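Note sheet for the following structure.
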Number of protein chains: 2
Amino acid sequence: MAASGIETALRMLEGRWKMVIIFHLFDRGTLRFSELERAIPGVSQKVLINQLRELEKDGIVERQVYPQVPPKVEYKLSAWGEQMCPALDLLLEWTAQRPQGNAET
Amino acid sequence: MAASGIETALRMLEGRWKMVIIFHLFDRGTLRFSELERAIPGVSQKVLINQLRELEKDGIVERQVYPQVPPKVEYKLSAWGEQMCPALDLLLEWTAQRPQGNAET
DNA sequence: CAGGATCCGCTACGATACTG
DNA sequence: CAGTATCGTAGCGGATCCTG
């Protein structure tokens, strides 16, 4: 088993908001920057952009720029990014099965 | 979809080495501290212990202490922790399918 | 609207030395 | 062997201001 491979794998997902972003994009398909901002209350612009850039760099998220006067940028999961969602769903299921009470202590 | 739930979920797995630890424990069943140390070259004792403690606190890993003169402590996945492995496997599969070349650039 | 530029604080990580 | 203690650092995350 390539345990060392998981490092690189998970480093792409490390980041306080990446999963949240991915879930929102998976849930709603395509979102503009401001929509993401509103969808994720706790995050600041800088961090949001930062995480988006990293996700983009890693090929998980795609960024579509519309060259308009009021700027419009849309984010969505790449095909590959979408393929990760089953895994995340499993992860969610798993957390839901936590024995000692699933309260977020 | 509980996108906010994923935050708490993944925060348990955040940590440079947690996944690696989990994979090793899943792979080899039970490991002593020194064995984990050797299995994971890049990690320092302090961090390794730290991550183990957090995993233990979150109920993912179980710690078995044998009160002996040469101390012996074994770590293994809890039943719940083992249930996470399918998800991690999916995640690994997913990373293996990376389109733009799965090199860790 | 989208995001660049700064400054700032925290904590996760890392290396090393020491101990029961 | 399995930790604890201490110190140092980089980077992430956060807030705020500014711009095309």
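Predicted, not measured: the structure shown is a model, and the values here were computed from it. Below, read A as the first sequence line, B as the second, and so on, with proteins coming before strands; counting in each chain starts at 1.
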Nucleotide nearest Lys72(B) (side chain, heavy atoms from C-beta), chosen from dA15(D), dG3(C), dA2(D):
dA2(D)
Are the side chains of Arg32(B) and Leu36(B) in contact, using a 4.5 Å heavy-atom criterion?
no
Spacing between Glu35(A) atom CD and dC1(C) atom P, to the nearest angstrom
10 Å
Write down the distance between CZ (Arg16(A)) and C1' (dC10(C)), rounded to a whole number of angstrom.
14 Å
Would you say Tyr75(B) and Glu62(B) are linked by a side-chain donor-acceptor pair, where the criterion is simply a distance under 3.5 Å?
no
Rounded to whole angstrom units, what separation is found between the CH2 atom of Trp17(A) and the P atom of dG11(D)?
22 Å
Closest to the Pro71(A) side chain: dC1(C), dG3(C), dG14(C)?
dC1(C)
Rounding to a whole Å, what distance do you find between Met12(B):CE and dA12(C):P?
16 Å
For dG13(D), does either OP1 or OP2 sit under 4.0 Å from a side-chain N or O belonging to Gln51(A)?
yes
Taking every heavy atom of Leu55(B) against every heavy atom of Met12(B), the minimum-distance pair comes out as CD2-O, 4.3 Å
Go through dG3(D), dC13(C), dA2(C) for me and flag the one nearest to the Gln45(B) side chain.
dG3(D)
Rounding to an integer number of Å, can you tell me how far Ile40(A) CD1 sits from dG13(D) P?
13 Å
Is Tyr75(B) near enough to dG3(D) that one of its side-chain N or O atoms lies under 4.0 angstrom from OP1 or OP2?
yes
Look at all strands and tell whether Glu74(B) reaches a base, only sugar-phosphate, or nothing, counting heavy atoms closer than 4.0 Å.
nothing
Need to verify one output field. Residue with the more 5' nearest nucleotide on DNA chain C, Val73(A) or Glu14(A)?
Val73(A)
Interatomic distance, Glu56(B) CD vs dA2(D) P [rounded to whole Å]
14 Å
How do Glu37(B) and Gly15(A) order along DNA chain D: which one's closest nucleotide is nearer the 5' end?
Glu37(B)
Close side-chain approach of Leu91(A) and Thr95(A), heavy atoms under 4.5 Å:
no
Quick one: label Tyr66(B) by what it contacts on the DNA or RNA (base, sugar-phosphate, nothing), any heavy atom closer than 4.0 Å.
nothing
Between dT11(C) (P) and Lys18(B) (NZ): distance, integer Å:
15 Å
Picking from dG3(C), dA2(D), dA2(C), which would you name as closest to the side chain of Arg32(B)?
dA2(D)
Side-chain atoms of Ser44(B) come closest, of dG14(C), dG4(C), dA2(D), to dG14(C)
Go nucleotide by nucleotide along DNA chain C from the 5' end; which of Ile49(A) and Lys46(A) gets its closest nucleotide reached first?
Ile49(A)
Any Lys76(B) side-chain heavy atom under 4.5 Å of Leu31(B) side chain
no
Does dC12(D) have OP1 or OP2 under 4.0 Å away from a side-chain N or O of Arg53(A)?
no
Protein-nucleotide distance (Leu31(B), atom CG; dA2(D), atom P), rounded to Å:
11 Å
Does any part of the side chain of Thr30(B), heavy atoms only, come nearer than 4.5 Å to the side chain of Leu25(B), both counted from C-beta?
no
